[in-house]
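Position 1 is the first residue of the sequence; numbering continues from there. All of these numbers come straight from a predicted model, not from anything done at the bench. Order of appearance sets the numbers: ligands from 1, and atoms from 1 within every ligand.
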Amino acid sequence: MGPVALLVLCLSCLLLLLDVKNISKSLSNLSKIYGPVFTVYFGMKPMVVLHGYEAIKEALIDKGKEFSGRGSFPVAEKANQGFGILFSSGKRWKEIRRFSLMTLRNLGVGKRNIEDRVQEEARCLVEELRKTNASPCDPTFILGCAPCNVICSIIFQKRFDYKDKVFLNIMERFNENVKILSSPWIQIYNNCPALLDYFPGSQNKIFKNVDFIKSYVTEKTKEHQASLDIHNPRDFIDYFLIKMEQEKHNPHGEFTIDNLTITVSDFFGAGTETTSTTLRYALLLLLKHPEVSAKVQEEIDRVVGRERSPCMQDRSHMPYTDAMVHEVQRYIDLLPTNLPHAVTCDVNFRNYLIPKGTTIITNLTSVLRDDKEFPNPEKFDPGHFLDEGGNFKKSDYFMAFSAGKRMCVGEGLARMELFLFLTTILQKFTLKAVVDVKDLDVTPVMNGFTSVPPPYQLCFIPV
Ligand code: HEM
């Protein structure tokens with residue numbers, strides 16, 4: 001079949017039932033007819049869709065092992081060649097994931113060490129925002145730098161100036177890859193991999209960017225090797241090098257340079273855009289709801305004051321702020337259809353037989369917008385995470401980071417960044433909209449598989 005016929009076939013299969021701009025909504029509509037478990041054909045591939053808390057919990061948590069495979073992502077597979085953590089499966093994924101979680105813990109996620117780095121970054125972020133002199137600005141670039149620098153400091157033990165050429169180059173390459181990977185065309189390529197060979201443009205750009213990252217990480221790894229002290233590992237690369245040395249006689253070992261470079265690249269890919277988009281959306285929602293900003297600022301004043309930097313210990317005394325951050329993540333529903341999973345063996349699920357390797361789509365929107373758990377789910381209301389006494393109220397339906405064995409590796413880090421960056425910004429500035437608040441549009445723009453805020457400007461007025 002020629003490329004045009006193939007493209008027409010793929011497009012028609014994909015578009016007949018689904019609105020590619022809002023896949024999660026189309027899937028929710030289908031679930032009204034077909035129930036919580038059904039199959040759709042994306043292109044020529046069958047995928048099982050799970051809708052609602054019960055079905056998703058049963059799969060990702062109760063049958064976690066069986067549902068822990070990664071669904072196919074041909075573009076990423078070609079670029080990463082099966083290495084790393086994000087798109088790998090089986091023994092490799094298990095080992096690299098266990099190592100990554102342990103290393104993040106060793107480096108102090110949830111402890112002082114990484115908290116210090118995030119606090120330092122929060123202070124730099126505030127200094128950059130101060131340079132806008134309270135005039136209208138689009139916060140996208142600055143809010144992109146801070147999470148990227150946090151990953152840099154975990155991986156390379158180094159933060160960069162926001163004008164540093166190397167830093168800007170790294171950010172640009174990743175942003176470009178995220179942009180390409182989330183374009184509707186790539187969704188079509190992914191479901192019709194044969195097309196990749198006919199339209200090589202974007203694919204080549206992705207490969208070029210991955211090659212750049214690989215060579216940068218290789219160069220940094222050489223520097224690390226030269227100065228490594230095995231008794232005093234400084235960062236993720238040092239921990240990986242130590243593990244490589246311990247496993248060097250294991251012919252089936254996973255601790256290789258290829259897995260190091262792609263895992264580092266996965267950390268940037270998974271940990272930068274997600275956090276920065278959430279921050280950007282949070283500021284837009286705070287602009288739209290000045291009554292929420294005022295309550296958060298009142299809590300900051302009362303618990304932290306104006307002088308010292310907010311820290312993670314403060315969070316347990318700041319239920320309203322904690323609820324606001326959860327509500328931002330619930331409301332924006334950043335990854336509405338999650339990353340695709342796959343079943344690792346034939347699975348009997350609610351009387352259906354799902355064959356090994358089948359891709360599984362979990363519709364996280366159906367959990368985050370459940371109207372029994374969150375009354376009025378379309379409304380932005382931190383009250384969704386507060387009890388009658390104003391205490392923070394946890395919810396099992398908070399699945400912004402997914403759930404089970406494949407759940408986000410960076411959850412602890414991301415939650416720390418969101419809390420510290422947002423409280424530090426609101427401690428130092430009042431947010432001012434440049435249009436009438438009632439004209440501020442907060443409707444998401446679907447960007448492939450992520451939900452992004454519409455472009456906007458605001459002023460940071462020093463308090
Ligand atoms: C607001 C910020 C973030 C959100 C909403 C988020 C959300 C997610 C989600 C939904 C997944 C897919 C889970 C699944 O397959 O079931 C994921 C995976 C992942 N995330 Fe995050 N994430 C965020 C920040 C971060 C950060 C800061 C890091 C950096 C360490 C990170 C690293 C990862 C990795 C490595 C995976 C792949 C896990 C695997 O395949 O086993 N994420 N994230």
| remark: d(His289 NE2, Asp381 CG) to nearest 0.5 Å is 9.0 Å
Any atoms of ligand 1 less than 4.0 Å from a non-hydrogen atom of [X]? List them with their elements.
X: Asn338; answer: 10 (C), 12 (C), 13 (C), 14 (C), 15 (O), 16 (O)
X: Ala400; answer: 5 (C), 7 (C), 10 (C)
X: Thr278; answer: 1 (C)
X: Ser402; answer: 13 (C), 14 (C), 16 (O)
X: Ile85; answer: 35 (C), 40 (O)

| Pi-cation contact, Tyr331 with Arg369 (under 6.0 Å, within 45°) | yes
| query | On the ring face of Phe160, is Lys158 found with NZ or CZ under 6.0 Å from the centre and within 45° of the axis? | reply | yes
[X] bridged to [Y] by N-O distance under 4.0 Å:
X: Arg330; Y: Glu327; result: yes
X: Glu219; Y: Lys222; result: no
X: Glu127; Y: Arg123; result: no

| said: Atom NZ of residue position Lys288 - does it have more than 12 heavy atoms of other residues, nucleotides or ligands inside 6.0 Å? | reply: yes
| said: Surrounding CD of Gln246 (heavy atoms of other residues, nucleotides or ligands, distance under 6.0 Å), is the total greater than 12? | reply: yes
| What about Gln329: any of its N or O atoms under 3.5 Å from an N or O on ligand 1? | no
| request: Please indicate whether any nitrogen or oxygen in Arg70 is less than 3.5 Å from any nitrogen or oxygen in ligand 1. | output: yes
| Can you tell which of Arg406, Arg97, Glu417 gets a heavy atom nearest to atom 13 (C) of ligand 1? | Arg406
| task | May I ask whether His341 has any heavy atom positioned less than 4.0 angstrom from an atom of ligand 1? | result | yes
| request: Report yes or no: does Phe87 have a heavy atom closer than 4.0 Å to ligand 1? | output: no
| said: Checking Glu417 now: which residues fulfil side-chain hydrogen bond (donor to acceptor under 3.5 Å, both in side chains) with it, not counting sequence neighbours? | reply: none
| message | Students often mix this up, so state it plainly: with edges at 30° and 60°, are the rings of Phe392 and Phe385 parallel, tilted or perpendicular? | response | parallel
| Which word best sums up how the rings of Phe240 and Phe236 line up, parallel for under 30°, tilted for 30 to 60°, or perpendicular for over 60°? | tilted
| message | Can you report which non-hydrogen protein atom sits closest to atom 37 (C) of ligand 1, along with the distance? | response | Leu86 CD1, 3.2 Å
| remark: For atom 9 (C) of ligand 1, the closest protein heavy atom turns out to be Leu335 CD1, 3.8 Å
| request: Kindly give the heavy-atom pair with the smallest separation between Ile300 and Thr423, and that separation in Å. | output: CD1-O, 3.6 Å
| said: For a distance under 2.8 Å, give residue and atom name for each protein N, O or S atom next to atom 21 (Fe) of ligand 1. | reply: Cys408 SG
